[in-house]
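Note that the numbering runs from 1 along the sequence shown for the chain. Just so it is clear, the model here is predicted, and its values are computed rather than measured.
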Amino acid sequence: KPNSDTDIAYEQGADFMFRCVEALLEKPDNFPYRFPPKDDPDMIEDAVEKLEKLLLKNLGPDYKLLIHVDEHFKMCYRSEESPAAESGAAFSRGAMSVLASTPGVAVVATYTHRPELPASESSAVCRDPIMLPPIDPDMLMAASPELHFEDPPSPDEEFYLRCLWATLRLRLSFYVQLSGLGLLHARNCKILATDPEFEEFLAQFQSSSMVNTTKKGKGKLVTRLKKCNSLCAGMVERVLRKMPITQVKNVSRMLVGVADEDASDTKFFTPETRQIDSITVLEDGRLSLSLKKLLRSDDPDVGLYREGANLLYRRLALDWDLLQGTPLEAAYAWALACQAAVMKKLQFFDGASKLFLIKGTDFQAGTLFKANNEDNFDLTSLQPDVIYYVNEIPGNKNTPGTPTQPIADIFFRTTDGHVVLIDVSGSNGTDVKKGNRGDRVATKEEKLVKTTLKMQTKMEGNEMAGHKGLKVHGVVLAPFDERPSTEQQSSKGNRVMVVRGDDALRLLGGLRQLSRWVQ
């Protein structure tokens with residue numbers, strides 16, 4: 001066991017590693033090696049100097065040494081209890097540090113044991129999470145002739161077509177990530193693919209995406225986009241349906257995102273629940289789980305988790321008509337619901353003046369306005385601490401649809417009398433709408449400012465006495481708009497925030513994986 005004093009344990013680890021290298025270079029046949037920790041080890045600087053001299057002596061002046069250390073967590077005794085955990089980590093840190101600090105030496109550390117979340121007592125010398133590059137839908141389509149989509153929507157096309165295009169890129173990338181990336185690599189390497197289902201998908205995609213002017217309507221862009229969307233949605237549904245839903249403790253916290261070395265996150269985990277598979281690293285350095293794992297998990301302690309997962313599942317795999325809501329809207333609804341359930345609060349960006357206290361007790365479809373009329377609303381029917389999402393289902397001649405909403409994709413009411421209307425925008429701030437250039441994010445902001453002020457004014461009148469004391473606020477979530485987040489307050493005291501760029505992406509937590517494919 002290392003010394004309980006972490007400074008001494010650190011130096012013991014450095015001395016231990018020096019003696020290991022010395023034995024391997026100068027006494028390689030003297031098995032087994034036994035190096036009990038010294039009670040009075042050299043300082044780390046002295047150990048580095050000794051190791052450098054040893055390498056110069058045995059390898060010459062121009063040496064380049066690669067050292068592979070496997071399972072360095074097991075170098076010495078550790079336990080979950082202090083001080084053994086801290087001193088054990090210090091010992092490993094000293095051992096790895098002396099290698100990494102020696103000129104001409106590169107160190108590779110590997111594990112078969114899953115890393116704990118967050119690090120209970122990491123050696124902190126080889127724990128740098130790196131994001132795995134996501135599938136690039138443009139490169140995917142360019143590299144695979146069957147996935148090439150002829151004449152996709154240009155930036156000047158109408159907004160609905162560009163939404164269909166973004167959703168197609170998302171569904172295609174997700175399906176290929178789920179089941180087809182290895183097969184595509186094999187095909188590109190001239191290795192015979194052996195999955196008939198995937199080969200059939202490629203043929204159908206190629207047929208559906210091609211411009212065909214010989215038959216009426218076949219060459220229309222909207223028709224081709226809808227056919228390809230329907231095909232990809234069906235394939236995603238087919239793959240996910242085969243995967244069982246498993247109970248994963250703390251999966252809601254993982255969806256929100258975990259800071260690997262933030263001590264405040266350790267309270268969400270116990271030694272029995274820190275080991276979770278399918279870990280992924282987000283762009284902001286936080287850890288989450290793969291999109292597949294998030295969708296096919298359930299949190300035994302957070303009842304709304306599956307409701308949110310089912311909503312996004314429907315948007316990805318079942319509902320391909322975007323009038324019912326985009327995958328980005330569903331992702332935000334689910335992510336905000338989990339954040340409320342786990343953190344018991346929502347703050348839309350650092351520096352925002354208002355922090356909303358909400359417990360996230362439930363997740364429901366709901367409507368704010370009747371008959372698509374901004375003047376016809378009843379906020380008293382909203383249950384506090386519930387996250388609502390709008391589910392607009394278009395009707396047809398046989399089945400009536402649900403009422404459409406003039407504004408807000410997500411909304412909630414807090415116990416202390418605040419109602420928040422949230423609109424999601426996939427725009428980057430400069431868009432085309434019906435042939436005229438405009439800023440769709442600014443348009444949403446302007447509409448929320450007018451609507452919330454109008455509602456607030458009406459609620460303060462005598463005809464809506466039940467609404468006295470309520471404050472209505474608005475939020476625009478614009479993850480692809482790189483301008484700074486902003487906030488404004490009306491004369492009535494209600495606020496409208498526009499949350500942009502990284503601020504908005506952070507609110508997605510682990511679901512920001514979707515944003516890589518829809519931007």
Can you check whether [Y]'s main-chain N or O pairs, donor with acceptor, with [X]'s side chain at less than 3.5 Å?
{"X": "D423", "Y": "A408", "result": "yes"}
{"X": "K292", "Y": "L178", "result": "no"}
{"X": "D298", "Y": "I245", "result": "no"}
{"X": "T457", "Y": "L453", "result": "yes"}
{"X": "R171", "Y": "M235", "result": "no"}
{"X": "R224", "Y": "E150", "result": "yes"}
{"X": "R440", "Y": "S427", "result": "no"}
{"X": "R162", "Y": "P153", "result": "no"}
{"X": "S209", "Y": "H148", "result": "yes"}
{"X": "E200", "Y": "E197", "result": "no"}

Can you find a heavy atom in the side chain of [X] that is under 4.5 Å from one in the side chain of [Y]?
{"X": "L161", "Y": "L221", "answer": "yes"}
{"X": "V342", "Y": "D299", "answer": "no"}
{"X": "W517", "Y": "L140", "answer": "no"}
{"X": "M464", "Y": "L470", "answer": "no"}
{"X": "L312", "Y": "L294", "answer": "no"}
{"X": "V420", "Y": "I358", "answer": "no"}
{"X": "F205", "Y": "C228", "answer": "yes"}
{"X": "T167", "Y": "L225", "answer": "no"}

Among all residues two or more places apart in sequence or in another chain, which pass the ring pair (Phe, Tyr, Trp, His ring centres under 6.0 Å) test with [X]?
{"X": "F149", "answer": "W165"}
{"X": "Y332", "answer": "none"}
{"X": "F174", "answer": "none"}

Salt bridge [X]-[Y], side-chain N to carboxylate O under 4.0 Å:
{"X": "D350", "Y": "R506", "answer": "no"}
{"X": "D284", "Y": "R512", "answer": "yes"}
{"X": "E329", "Y": "R315", "answer": "no"}

Would you please say whether a donor-acceptor pair under 3.5 Å links the side chains of S353 and E487? yes

Which heavy atom of [X] sits nearest a heavy atom of [Y], and at what distance?
{"X": "S290", "Y": "Q513", "result": "CA-OE1, 3.7 Å"}
{"X": "K227", "Y": "S208", "result": "CE-OG, 3.9 Å"}
{"X": "A341", "Y": "G360", "result": "CB-O, 3.6 Å"}
{"X": "F411", "Y": "G366", "result": "CZ-C, 3.7 Å"}
{"X": "R286", "Y": "G509", "result": "NH2-CA, 3.9 Å"}
{"X": "S425", "Y": "L328", "result": "O-CD2, 4.2 Å"}

[atom1]-[atom2] distance between [X] and [Y], expressed to the nearest 0.5 angstrom:
{"X": "L477", "Y": "D409", "atom1": "CG", "atom2": "CG", "value": "9.0 Å"}
{"X": "Y305", "Y": "L255", "atom1": "OH", "atom2": "CG", "value": "5.0 Å"}
{"X": "Q247", "Y": "D301", "atom1": "CD", "atom2": "CG", "value": "9.0 Å"}
{"X": "N494", "Y": "M455", "atom1": "CG", "atom2": "CE", "value": "9.5 Å"}
{"X": "L336", "Y": "F363", "atom1": "CG", "atom2": "CZ", "value": "9.0 Å"}
{"X": "I422", "Y": "L346", "atom1": "CD1", "atom2": "CG", "value": "7.0 Å"}

Are D439 and R483 close enough, and set up right, to give a salt bridge (charged side-chain N to carboxylate O under 4.0 Å, His left out), and what steps lead you there? CA-CA 12 Å; D439 184 342; R483 293 171 292 185; 2.8 Å; yes

For residues 134-143, which residue pairs qualify under salt bridge (charged side-chain N to carboxylate O under 4.0 Å, His left out), counting only residues two or more places apart or in two chains?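 Residue pairs passing salt bridge (charged side-chain N to carboxylate O under 4.0 Å, His left out), neighbours aside: D138-R169.
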
Can you establish whether the number of heavy atoms outside K471 located under 6.0 Å from its atom NZ is more than 12?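 It does: K471 NZ has more than 12 such atoms within range.
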
Counting only heavy atoms not in K344, do more than 12 sit closer than 6.0 Å to its NZ atom?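 For K344, atom NZ is crowded (more than 12 foreign heavy atoms under 6.0 Å).
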
Option passing side-chain hydrogen bond (donor to acceptor under 3.5 Å, both in side chains) with K354 (candidates H473, Q489, H418):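 Considering H473, Q489, H418, a side-chain hydrogen bond (donor to acceptor under 3.5 Å, both in side chains) with K354 is found only for H418.
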
Using the side chain to side chain contact (heavy atoms under 4.5 Å, CB included) rule, take I410 and W334 through it: C-alpha gap first, then chi angles, then the decisive distance, then the call. CA-CA 10 Å; I410 308 160; W334 184 19; over 6 Å; no

Test of understanding: with salt bridge (Lys or Arg N to Asp or Glu O under 4.0 Å), list the residues that count as partners of E146, not counting sequence neighbours.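 Salt bridge (Lys or Arg N to Asp or Glu O under 4.0 Å) list for E146, sorted by chain: R187.
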
Kindly confirm or rule out a cation-pi arrangement of R500 over F349, judged by NZ or CZ under 6.0 Å from the six-membered ring centre and within 45° of its axis?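 Judged by the rule, R500 and F349 form no cation-pi pair.
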
For residues 381-389, tabulate all N or O donor-acceptor pairs below 3.5 Å that involve a side-chain atom, not counting sequence neighbours.
unit_1	atom_1	unit_2	atom_2	d
S381	OG	D378	O	3.0
D385	OD1	K359	N	3.0
Y388	OH	Q383	N	2.8

Taking the inter-plane angle between the rings of F412 and F348 on a 0 to 90° scale, is it parallel (under 30°), tilted (30 to 60°) or perpendicular (over 60°)?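 Geometry flag for F348 against F412: parallel rings.
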
Step-by-step side chain to side chain contact (heavy atoms under 4.5 Å, CB included) determination, E446 to V449: CA-CA 5 Å; E446 181 181 351; V449 168; 5.7 Å; no

Could you give me the CA-CA distance, side-chain angles and deciding distance for N310 and R306, then say whether side chain to side chain donor-acceptor pair (under 3.5 Å) is met? CA-CA 6 Å; N310 288 337; R306 274 312 310 164; 2.9 Å; yes

Walk me through it: do L379 and L368 pass the test side chain to side chain contact (heavy atoms under 4.5 Å, CB included)? CA-CA 7 Å; L379 304 185; L368 272 175; 3.5 Å; yes

Stepwise side chain to side chain contact (heavy atoms under 4.5 Å, CB included) test for Y175 and V236: CA-CA 5 Å; Y175 170 62; V236 170; 3.8 Å; yes

